[in-house]
J.: 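Take this structure first; my questions come after.
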Amino acid sequence: MTEASTTSRPGLVEQVIRRHPDPVSVRFRGLSDRTIAWLFISPTIVLLLAINLFPLLWTVYLSFTNYRANRPNAELRGMGTTYYEQILSDPDVWESMQATAHFVIATIAIETVLGFAIAYLIDRKFRGHAFWTTVILIPMMLPPAVVGNFWKFLYQPQNGLFNAIVAPVLGVSPGSFQMLGDVQLAPWSIIIVDVWMWTPYVVLICLAGLRSIPDYLYEAAEVDRASPLRQFWSVTLPMALPFIMLAVLFRGIENFKMFDLVNLLTSGGPGSTTEVASITLKRAAFESWRTGYASALAVILFVTVFGLANIYVKALNRVKQR
Amino acid sequence: MADVRLKGLSKTFNKRLAVDDLSLDIRHGEFFVLLGPTGAGKTTTLRLIAGLERPDKGSVSIGGRDVTHSEPAERDCAFVFQQYSLYPHLTVYDNLAFPLKSPLRRLSKEDIDVRVREVAETVHISHKLDSKATQLSGGEMQRVGIGRALVRRPNIYLMDEPLSSLDARLRSDLRLELKRIQQDTGATLLYVTHDQIEAMTMASRIGILENGRLVQCGTPREIYENPASVYVATRLGTPRINLLPAGVIPAGSEPTGTSVIGVRTEHVVLGDPSSSASKARIGKVERLGDQTFLHVDVEGHKLVLLADPHVALEADRAVGLSLRAPLFFAADGARIHAGQEARQ
Ligand SMILES: Nc1ncnc2c1ncn2[C@@H]1O[C@H](COP(=O)(O)OP(=O)(O)O)[C@@H](O)[C@H]1O
Ligand SMILES: [Mg+2]
């Protein structure tokens with residue numbers, strides 16, 4: 001190891017070594033501390049590469065070939081960027097991207113506002129507040145398969161609970177509309193379920209944010225004669241904002257990839273009104289068995305999410321530094 | 001500005017009395033210092049006045065109005081908190097401007113700007129106006145905290161050990177500055193500290209707190225020269241007052257019931273061993289730079305005195321020692337005045 005590398009900013013290995021001034025190599029003659037540290041972390045690194053990086057690279061590779069998973073022994077041909085060109089000029093793909101965007105934006109907006117509002121309410125100490133916090137978190141703990149089937153049942157037009165409750169409010173008969181079968185309503189039926197299931201998650205993160213605001217800030221604001229409304233705008237909201245933004249990030253990434261609920265509830269229908277990107281992907285991969293094409297779509301989706309998330313994280317960091 | 005009157009104020013936390021039957025009148029335009037060690041109930045007293053705590057008993061009135069049950073905003077007190085309580089997401093400028101932007105005030109942007117810059121100048125923070133509160137050092141944060149109180153013209157300024165986190169130089173600067181501001185503006189100020197120097201240098205009057213009770217109240221001079229108890233006497237003076245059991249050194253007219261004699265430097269006359277009441281020996285001479293402490297052994301007891309810097313002193317020398325009007329205390333710590341019996 002050179003002089004320069006020890007004085008420059010220490011990497012992980014150097015940090016580990018510095019924390020343990022007593023050299024391990026005394027017992028392992030011939031190996032430097034650095035080598036030993038690498039030996040220790042190498043299994044983890046290999047595992048991470050195998051699980052995360054390899055499938056990604058393999059997908060990228062397949063996206064340039066005509067590989068079909070149902071015909072693994074067929075002759076493999078390079079396709080160049082053919083699939084990418086096909087996908088980007090396919091109006092159906094753009095439509096599914098739009099459906100995805102609508103879904104992501106609607107769920108994030110509703111879940112964030114609702115989640116923060118609920119968190120704000122249950123942050124105050126009131127009787128049984130631990131109990132209600134737990135109750136609110138239940139939907140999030142259920143497996144999506146259960147939630148999907150459960151809501152499919154609720155959405156039944158004739159005897160479903162949802163229609164039975166909503167219809168009288170709207171002044172129509174319960175059988176007069178179909179949440180899952182109607183072109184207008186189907187996207188909303190999925191949004192409702194997602195909101196029901198994942199708002200608690202936003203509540204949890206916002207609650208962490210609200211609890212992180214020290215009492216003395218409110219006390220200072222109170223002696224500074226700030227009204228409750230001003231305290232909310234100038235203390236609560238700005239202090240909780242990084243947490244809210246984090247919740248938006250997590251929900252955004254999750255819902256961009258949303259598959260299970262849609263697949264269970266509508267499978268992309270009626271027509272293709274709820275066909276989000278992941279459903280298109282699944283159809284290409286496991287119904288048409290166009291693995292190469294599906295890989296190209298997956299790569300495009302990945303790059304999109306990755307790019308958006310990166311831009312967003314930059315914004316988040318700027319908010320945190322303020 | 002207004003006077004503040006506390007009557008029989010008590011506050012208990014988990015069965016522990018933090019403030020115990022505290023009555024106090026702070027006069028309009030007064031710089032009042034509450035002095036007491038950690039845990040004496042200083043912070044709690046301030047919080048009770050500001051309305052951040054509700055008393056179990058007693059009342060608070062500000063400017064003649066009973067505000068015991070009023071919200072903090074109605075009381076119009078400015079508070080400097082012990083720990084920095086700046087709004088971390090705001091700049092120094094916006095922190096200082098925050099209290100002025102209250103809708104109760106209706107100040108124009110220009111008025112606010114003038115005021116903020118003026119106060120920033122006072123607390124020496126003008127160069128950091130655009131920094132985020134989180135980018136400041138502890139001392140700078142506390143100065144902003146003081147500034148945030150000073151921008152206002154409240155009924156009373158409440159300050160909770162505002163200088164304790166600053167370095168010595170800045171502390172003495174700001175001591176003078178605070179005193180000057182208070183005199184110039186005629187502000188009413190209640191200042192809480194455990195530092196006797198702050199109390200002595202700034203206070204118009206001092207109140208001594210012991211376990212939540214106000215044990216004595218008076219001008220710094222009165223409290224120093226005429227302490228009501230051993231506890232009060234040990235609060236003021238460097239080096240600390242020496243406590244000797246009665247009878248160790250002849251003290252002239254010791255009142256009956258005297259159990260402890262309090263001896264400060266000014267109560268001691270050092271002289272020739274042959275002509276003095278007691279024989280003593282100079283032990284260590286402790287030079288602190290600006291002050292010199294003299295350790296004197298007398299009859300198996302040790303006194304710490306302040307030495308005259310112009311007199312050359314050698315360690316380990318025999319001297320004579322006699323007392324001149326020391327302070328007498330009874331067994332329970334209460335002061336007994338010369339020519340007076342101990343209270344039974
Ligand atoms: N919020 C509180 N909960 C419980 N005990 C408290 C609280 N505030 C103060 N106390 C107790 O009251 C006593 C006085 O505290 P405080 O007023 O902070 O003293 P000081 O400011 O003089 O150090 C201490 O024993 C402290 O532990
Ligand atoms: Mg305190």
Side-chain angles (χ1 to χ4, degrees), chain A residues 112-113 115-117 119-120 123-127 129 202 205-249 312-322, chain B residues 43 46-53 67 70-91 94-107 130-135 141 144-160:
Chain A
T112 308
V113 171
F116 184 75
Y120 189 70
D123 186 36
R124 314 348 211 6
K125 291 272 170 291
F126 60 87
R127 269 163 62 103
H129 118 298
V202 180
I205 295 180
C206 288
L207 212 49
L210 292 172
R211 300 255 159 96
S212 77
I213 305 174
D215 279 347
Y216 64 71
L217 284 186
Y218 290 110
E219 293 182 344
E222 237 174 283
V223 283
D224 285 343
R225 310 180 88 186
S227 64
L229 190 67
R230 181 151 185 255
Q231 285 180 32
F232 178 83
W233 284 112
S234 56
V235 177
T236 311
L237 205 56
M239 294 295 288
L241 190 60
F243 289 81
I244 299 172
M245 288 183 73
L246 210 58
V248 167
L249 176 69
Y312 187 86
V313 167
K314 290 227 171 70
L316 178 63
N317 283 337
R318 212 167 311 133
V319 166
K320 271 206 209 140
Q321 277 164 14
R322 272 190 319 153
Chain B
T43 300
L46 291 189
R47 291 172 59 86
L48 284 166
I49 298 173
L52 296 172
E53 305 278 357
V67 294
S70 308
E71 291 300 314
E74 298 171 59
R75 305 183 182 207
D76 198 10
C77 306
F79 205 122
V80 180
F81 291 85
Q82 190 167 5
Q83 82 284 40
Y84 333 114
S85 51
L86 305 187
Y87 306 113
H89 53 286
L90 299 181
T91 61
D94 289 329
N95 263 283
L96 292 174
F98 190 93
L100 298 177
K101 288 185 180 157
S102 167
L104 292 168
R105 267 167 236 283
R106 301 168 195 280
L107 285 172
D130 295 324
S131 308
K132 276 273 139 53
T134 44
Q135 296 164 344
M141 287 199 234
V144 178
I146 296 170
R148 201 177 56 191
L150 294 179
V151 285
R152 294 175 48 186
R153 294 269 175 265
N155 281 327
I156 183 169
Y157 293 101
L158 304 171
M159 302 201 178
D160 194 356

J.: Partners of B:E53 by side-chain contact (heavy atoms from CB on, under 4.5 Å), sequence neighbours excluded?
T.: B:K11, B:F13, B:R47, B:L48
J.: Which heavy-atom pair separates B:A73 from A:R225 by the least distance, and what is that distance?
T.: O-NE, 2.8 Å
J.: Rounded to the nearest 0.5 Å, what separates atom NE2 in B:H89 from atom OG in A:S234?
T.: 6.0 Å
J.: By side-chain contact (heavy atoms from CB on, under 4.5 Å), which residues pair with B:A133, not counting sequence neighbours?
T.: B:L86, B:N95
J.: Are B:R152 and A:D224 close enough for a salt bridge, meaning some N to O gap below 4.0 Å?
T.: yes
J.: With sequence neighbours left out, write down each residue that passes ring pair (Phe, Tyr, Trp, His ring centres under 6.0 Å) with B:Y87, or none if nothing qualifies.
T.: B:F98
J.: Which members of residues 213-222 of chain A, sorted by number, sit under 4.5 angstrom from chain B on a heavy-atom basis?
T.: A:Y216, A:L217, A:E219, A:A220, A:A221, A:E222
